[in-house]
There are 2 protein chains.
Amino acid sequence: MNIGQAARNSGVSAKMIRYYERIGLIPEARRTANGYRVYADADIHTLKFIRRARDLGFSIEQIDQLVQLWQNQQRASAEVKQIALQHVSALDHKIEQLRTIRETLSHLAQHCQGNARPDCPILEDLARGG
Amino acid sequence: MNIGQAARNSGVSAKMIRYYERIGLIPEARRTANGYRVYADADIHTLKFIRRARDLGFSIEQIDQLVQLWQNQQRASAEVKQIALQHVSALDHKIEQLRTIRETLSHLAQHCQGNARPDCPILEDLARGG
DNA sequence: GCTATTCCTTACTACGATAGTAATGTCAAG
DNA sequence: CTTGACATTACTATCGTAGTAAGGAATAGC
């Protein structure tokens, strides 16, 4: 299977497959005589795994750990759970930050007339520095 | 006032002040004979404004608009409100995405024993592709 | 006057993840 | 034999911030 097919089958672009190979997230692919990379079903499986993990917002570094745990039959689920919970915690933190910002802005916007006059609490807040 | 003092007074690093100047967010600073940038209190005011807007997650492009509106006495508050509400909407979208991911992950983690055995719904989900 | 320290300057590099480009090579079908 | 689809590498861009290096300039102490 060439890289293009692998890309279509896995949902990871050819570009990103090469990138993942370069940074060592996936091993170097076997090559045909003309230098084309060759992929087997097992590789597609791994790529799908990576793709899914990316969709869930895991960083490349975390995915690296998860892939290794995934391919290690002796792994302990505790390690995986820890990575997942770490990520959940990070997400909670980020969501809370965004929510705070959102509330501040929404509050300011509510008090802005939004008409043709220049009075605007949003700009006043930005200028005052909250 | 030199750039270092301006940085300390405004909370924007000297690095970023130069960067903002280079991309045109702020005008080119007046220079002393030896080439040092010179800042006045009004510039600090603007930098603080920018800093606050960055803290609220506005993009440079949005801040560019806000600064102009801020410095324009004839501006209409409606324009400002629109930018703010756009940003609120974008935040809502982003927060919702993160929340979905967070729920999925949390759910998976809850069903993971987290012990020394290899059974792990998190990895199974990643491999299946959700 | 010499030196040390601190500040300023520019220019370049890095980050993380992805996408785009260009130049070139190769395979398969018509 | 040409065309088109696909592959290769290498370079560039994104966004906002931080880091570095190499050098000029101000200031303070000796």
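By convention in this document, chain letters (A, B, ...) are assigned in the order of the sequence lines, proteins followed by strands, and residues within each chain are numbered from 1.
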Roughly, in whole Å, what's the span from [atom1] in [X] to [atom2] in [N]?
X	N	atom1	atom2	value
A:Ile3	C:dC27	CD1	C1'	16 Å
B:Ile63	D:dC15	CD1	C1'	12 Å
B:Leu47	D:dT17	CG	P	13 Å
A:Phe58	C:dG16	CZ	C1'	17 Å
B:Ile17	C:dC8	CD1	P	9 Å
B:Arg8	C:dC8	CZ	P	7 Å
A:Asn2	D:dC6	CG	P	10 Å
A:Leu25	C:dG16	CG	P	13 Å

*When all nucleic acid strands are considered with a 4.0 Å heavy-atom cut-off, which category describes B:Arg22: base, sugar-phosphate, or nothing?*
nothing
*Looking at every strand, decide which applies to A:Arg18 at a 4.0 Å heavy-atom threshold: base, sugar-phosphate, or nothing.*
base
*Quick one: do A:Arg99 and A:Glu96 make a salt bridge, cutoff under 4.0 Å?*
yes
*Output yes when A:Arg37 and A:Glu28 qualify as a salt bridge under the 4.0 Å nitrogen-oxygen rule, no when they do not.*
no
*Starting at the 5' end of DNA chain D, which residue's closest nucleotide do you reach first, B:Tyr36 or B:Arg54?*
B:Arg54
Check whether any side-chain nitrogen or oxygen of [X] sits under 4.0 Å from OP1 or OP2 of [N], and answer yes or no.
X	N	result
A:Asn34	D:dA7	no
A:Arg37	D:dA7	no
A:Tyr20	C:dA17	no

_Summary of side chain to side chain donor-acceptor pair (under 3.5 Å) pairs that have at least one residue in residues 76-85 of chain A, sequence neighbours excluded_ = A:Ser77-B:Asn115
*Nearest 0.5 Å, what's the CD1-CZ distance between B:Ile83 and B:Phe58?*
7.5 Å
*asked:* Is it the case that the side chain of B:His45 and the backbone of B:Asp41 share a donor-acceptor pair, with hydrogens and angles ignored and the cut-off at 3.5 Å?
replied: no
_Closest non-hydrogen atom pair between A:Leu108 and A:Pro121, with its separation_ = CD2-O, 3.9 Å
Quick test: give all pairs of protein nitrogen or oxygen and nucleotides 19-22 of chain C nitrogen or oxygen below 3.5 Å, distance rounded to 0.1 Å.
unit_1 : atom_1 : unit_2  : atom_2 : d
C:dG20 : N7     : A:Lys15 : NZ     : 2.7
C:dG20 : O6     : A:Lys15 : NZ     : 2.9
C:dT21 : O4     : A:Lys15 : NZ     : 2.4

*Kindly indicate whether the side chain of A:Leu66, heavy atoms from C-beta on, has any atom under 4.5 Å from the side chain of A:Ile50.*
no
